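Presented below is the structure to which this report refers.
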2 protein chains.
Amino acid sequence: MSKQHQRTRSDHASEIAEDYVEAIADFIADKDVCRSGDLVRHFNVTHATVNNTIARLERDGFVTTAPYQPIALTARGRRLATACRKRHETVEAFLLKIGVSPATAVIDSEGIEHHVSRETLDAMKRILSDGWPDEVAGGSRRGDGLH
Amino acid sequence: MSKQHQRTRSDHASEIAEDYVEAIADFIADKDVCRSGDLVRHFNVTHATVNNTIARLERDGFVTTAPYQPIALTARGRRLATACRKRHETVEAFLLKIGVSPATAVIDSEGIEHHVSRETLDAMKRILSDGWPDEVAGGSRRGDGLH
DNA sequence: TTCGAATGTTAGCCGAAGCTAAGAAGGATG
DNA sequence: CATCCTTCTTAGCTTCGGCTAACATTCGAA
Ligand SMILES: [Mn+2]
Ligand SMILES: [Mn+2]
Ligand SMILES: [Mn+2]
Ligand SMILES: [Mn+2]
């Protein structure tokens, strides 16, 4: 019992870090630098909150900062950002694939992404690239064989 | 921007309440009463933590308690529990449907359930009951009006 | 009936993630 | 240069959800 809940709790601990490095990487890709004000607007939280969060990220080795300078990602931060962006994109694309509207897919994927294990992510990717799995006996039988 | 993040933050605020009322309802269904020790074992946290959490649930009108007595759900608590259990079951069943192993489905659904909107839940239910959407050239649109 | 184990409560601590309010640093414009 | 506005930092507060340690209550055995 309760392996689930421990996983959910630990997912939440890394969730903020994941969203921040992803956003920082996006700003850097987009306009070459990321300032804390960019994150204030992006996450819709206060300057003080961004400052505290960035301090934790620096403590944990994901970013480097200097007073009044842009925020830079460490190699570790870049690795995490890339992995998170891919995972996020997969989850969002999968929601669209099952018929969810674009607006809802954007919102739901933002929360869901952090709780998707490697195995579930692979299942989603497989469906996105190979199509729906074959229905096993007892199912409602609709798509017939392949394509 | 950031509508997503506000939703994710507010999902987290209700997440613990949802898991607790669901567990309490399960214990009551199973053995007629729920004692705080049941929750200690179920969530694998300490007595003190369960006590604090239950106090918040009572403050918010989901449960009633009396010293050394079992924990009882209010009507509001029962409503929430029922809705959460259904949603949880749907998410777990859907993960199985896309080919995730039972053990992983149990773990991932515990976190994912809290971030699944009504619309996404409906999409999952539709697939569980009607089978995969028709594949149509160019995308995943499922033509045909409803039903 | 007393006593010890199991169960429940309380007090006090911590870190994460939010906030407000105050002030410092820097840059554009006169 | 001085000024003013934007940007950034710092201090101090809150709630939540964890924890440990100490204490209280209940209840079944001896
Ligand atoms: Mn996210
Ligand atoms: Mn979550
Ligand atoms: Mn649940
Ligand atoms: Mn859950």
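Remember, predicted model here, so these are calculated numbers, not experimental data. Letters A, B, ... are given to chains in the order of the sequence lines, protein chains preceding strands, and every chain is numbered from 1.
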According to side-chain contact (heavy atoms from CB on, under 4.5 Å), who are the partners of A:Lys125, at least two apart in sequence or on a separate chain?
A:Thr90, A:Leu121, A:Asp122

Tell me, which of residues 21-36 of chain A have any heavy atom that sits under 4.0 Å from an atom in DNA chain C?
none

Generate the contact string for nucleotides 10-22 of chain D. Rules: B means base contact, S means sugar-phosphate contact only, - means no protein heavy atom under 4.0 Å.
BB----SBBBB--

Would you please name every residue forming a salt bridge (charged side-chain N to carboxylate O under 4.0 Å, His left out) with B:Glu119, sequence neighbours left out?
none

Please name all residues satisfying ring-ring contact (aromatic ring centres under 6.0 Å, His included) with A:Phe94, sequence neighbours left out, ordered by chain then number.
none

Donor-acceptor pairs under 3.5 Å, side chain of residues 73-84 of chain A to any protein atom, not counting sequence neighbours: which ones?
| from | atom 1 | to | atom 2 | distance (Å) |
| --- | --- | --- | --- | --- |
| A:Thr74 | OG1 | A:Gly61 | O | 2.8 |
| A:Thr74 | OG1 | A:Phe62 | O | 3.1 |
| A:Thr74 | OG1 | A:Arg76 | N | 3.4 |
| A:Thr74 | OG1 | A:Gly77 | N | 3.0 |
| A:Arg76 | NH1 | A:Asp60 | O | 2.4 |
| A:Arg78 | NH1 | A:Leu73 | O | 3.2 |
| A:Thr82 | OG1 | A:Arg78 | O | 2.9 |

Let me spell it out: for each of A:Gln69 and B:Tyr68, pick the nucleotide of DNA chain D with the closest heavy atom. Which residue's pick is nearer the 5' end?
A:Gln69

For A:Arg7, all residues meeting salt bridge (charged side-chain N to carboxylate O under 4.0 Å, His left out), sequence neighbours excluded
A:Asp11, B:Asp108

With B:Ala123, which residues qualify under side-chain contact (heavy atoms from CB on, under 4.5 Å), at least two apart?
A:Ile98, A:Val100, B:Arg126

For A:Thr49, what residues pass the side-chain contact (heavy atoms from CB on, under 4.5 Å) criterion, not counting sequence neighbours?
A:Val45, A:Thr46, A:Thr53

Taking only residues two or more places apart in sequence or in another chain, which ones pass salt bridge (charged side-chain N to carboxylate O under 4.0 Å, His left out) with B:Glu58?
none

Taking C-beta and beyond as the side chain, do B:Asp19 and B:His114 meet within less than 4.5 Å on heavy atoms?
yes

With a 4.0 angstrom cut-off to heavy atoms of chain B, pull out the first and last contacting nucleotide of DNA chain C, in 5'-to-3' order.
C:dG8 to C:dG18

Give every donor-acceptor pair under 3.5 Å between a side-chain atom in residues 24-31 of chain B and any protein atom, sequence neighbours left out.
| from | atom 1 | to | atom 2 | distance (Å) |
| --- | --- | --- | --- | --- |
| B:Lys31 | NZ | B:Val33 | O | 3.1 |
| B:Lys31 | NZ | B:Asp38 | OD2 | 2.9 |

